Amino acid sequence: MGSGARVPSPSPVCADRVATGPRPPVPGSALPGFRVAGAVPGRELTLVGRHRFSAYALIFHLEAAGAGRTLLRAETRAVFPGPLGRLYRLLVIGTRGHVLAVRRLLAEVRRHAE
């Protein structure tokens, strides 16, 4: 996984609910549902989070795409332990809800960048 970050262990404690730390984010900063695990300006941002049904990471990769443009890719990783985790995975991944949410997120980033 990018920036040496690992998917955290699941916990009954919900992830961060408010943004904290400097902007641009640095390791230890928080965004709702995530904590910054790694940040390489202009190259990569690694976010991790957890709740009682899963632990997850969202890694943004930035690459020069020529003519002042940047390609943004999003990589997600998660673990879903136990029977409730498997059910949660079925609901989130099996319904393609996750794919739609990530696509919407990337479209929003694009809209703000243009």
Side-chain angles (χ1 to χ4, degrees):
M1 183 179 312
S3 300
R6 298 180 324 188
V7 174
S9 298
S11 166
V13 178
C14 289
D16 296 283
R17 295 175 191 257
V18 296
T20 63
R23 296 296 179 264
V26 297
S29 296
L31 302 167
F34 296 94
R35 184 153 300 270
V36 177
V40 180
R43 298 197 52 215
E44 187 174 277
L45 176 64
T46 302
L47 307 174
V48 296
R50 64 180 176 231
H51 54 72
R52 82 182 68 221
F53 304 119
S54 72
Y56 44 87
L58 176 57
I59 305 127
F60 293 100
H61 302 277
L62 293 90
E63 300 171 17
R69 297 179 61 94
T70 301
L71 173 66
L72 174 64
R73 292 183 300 113
E75 172 188 350
T76 58
R77 297 184 180 191
V79 294
F80 303 90
L84 292 177
R86 286 191 293 279
L87 177 60
Y88 183 78
R89 182 181 192 279
L90 179 66
L91 293 172
V92 172
I93 305 297
T95 62
R96 295 185 43 85
H98 174 72
V99 170
L100 298 174
V102 171
R103 284 184 182 166
R104 189 173 91 204
L105 172 68
L106 291 173
E108 188 71 13
V109 169
R110 182 179 189 168
R111 187 177 70 77
H112 284 284
E114 293 179 333

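Residues: numbered from 1 along the sequence shown. It should be emphasised that the depicted structure is a prediction, and the values quoted were computed from it without experimental measurement.
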Distance-only, no hydrogens or angles: does the Arg35 side chain make a donor-acceptor pair with backbone N or O of Gly28 under 3.5 Å? yes

Under 4.5 Å between any side-chain heavy atoms of Ser54 and Val79, yes or no? no

Non-hydrogen side-chain atoms of Phe53 and Val92 separated by less than 4.5 Å: no

Arg73/Glu75 salt bridge by N-O under 4.0 Å criterion: no

Please report the shortest heavy-atom distance between Gly21 and Ser29, naming the atom on each side. CA-OG, 3.8 Å

Considering only heavy atoms from C-beta outward, does the side chain of Leu72 approach that of His61 to under 4.5 Å? no

How far does CG of Leu62 sit from CZ of Arg43, to the nearest 0.5 angstrom? 10.0 Å

Taking atom CG of Leu31 and atom CZ of Arg23, what is their separation to the nearest 0.5 Å? 5.0 Å

Does the side chain to side chain contact (heavy atoms under 4.5 Å, CB included) test come out yes or no for Val36 and Leu47, once each step is laid out? CA-CA 5 Å; Val36 177; Leu47 307 174; 3.7 Å; yes

Walk me through whether Leu58 and Phe34 qualify under side chain to side chain contact (heavy atoms under 4.5 Å, CB included). CA-CA 9 Å; Leu58 176 57; Phe34 296 94; 4.0 Å; yes

Considering all heavy atoms of both residues, which atom of Leu71 and which atom of Ala65 are nearest to each other, and what is their separation? N-CB, 4.0 Å

Would you check, one step at a time, whether the test side chain to side chain contact (heavy atoms under 4.5 Å, CB included) holds for Glu63 with Thr70? CA-CA 6 Å; Glu63 300 171 17; Thr70 301; 5.9 Å; no

Mind listing the closest non-hydrogen atom pair of Val26 and Ala39 along with its distance? CA-CB, 4.4 Å

If every non-hydrogen atom of Pro27 is compared with every non-hydrogen atom of Gly38, which pair is closest and at what distance? CG-CA, 4.1 Å

Can you tell if the side chain of Thr76 reaches within under 4.5 Å of the side chain of Tyr56, non-hydrogen atoms only? no

Under the side chain to side chain contact (heavy atoms under 4.5 Å, CB included) rule, what do Arg89 and His98 come out as? Steps first, then yes or no, please. CA-CA 10 Å; Arg89 182 181 192 279; His98 174 72; over 6 Å; no

If you count every heavy atom of other residues, nucleotides or ligands that lies below 6.0 Å from Arg96 atom CZ, does the total exceed 12? no

Verify same cluster id: Leu45, Val109 (apolar side-chain graph, 4.5 Å): yes

Looking only at the aromatic ring of each residue, does the gap between the centers of Tyr88 and His51 stay below 6.0 angstrom? yes

CZ of Arg110 to CG of Leu105: how many Å apart, nearest 0.5 Å? 14.0 Å

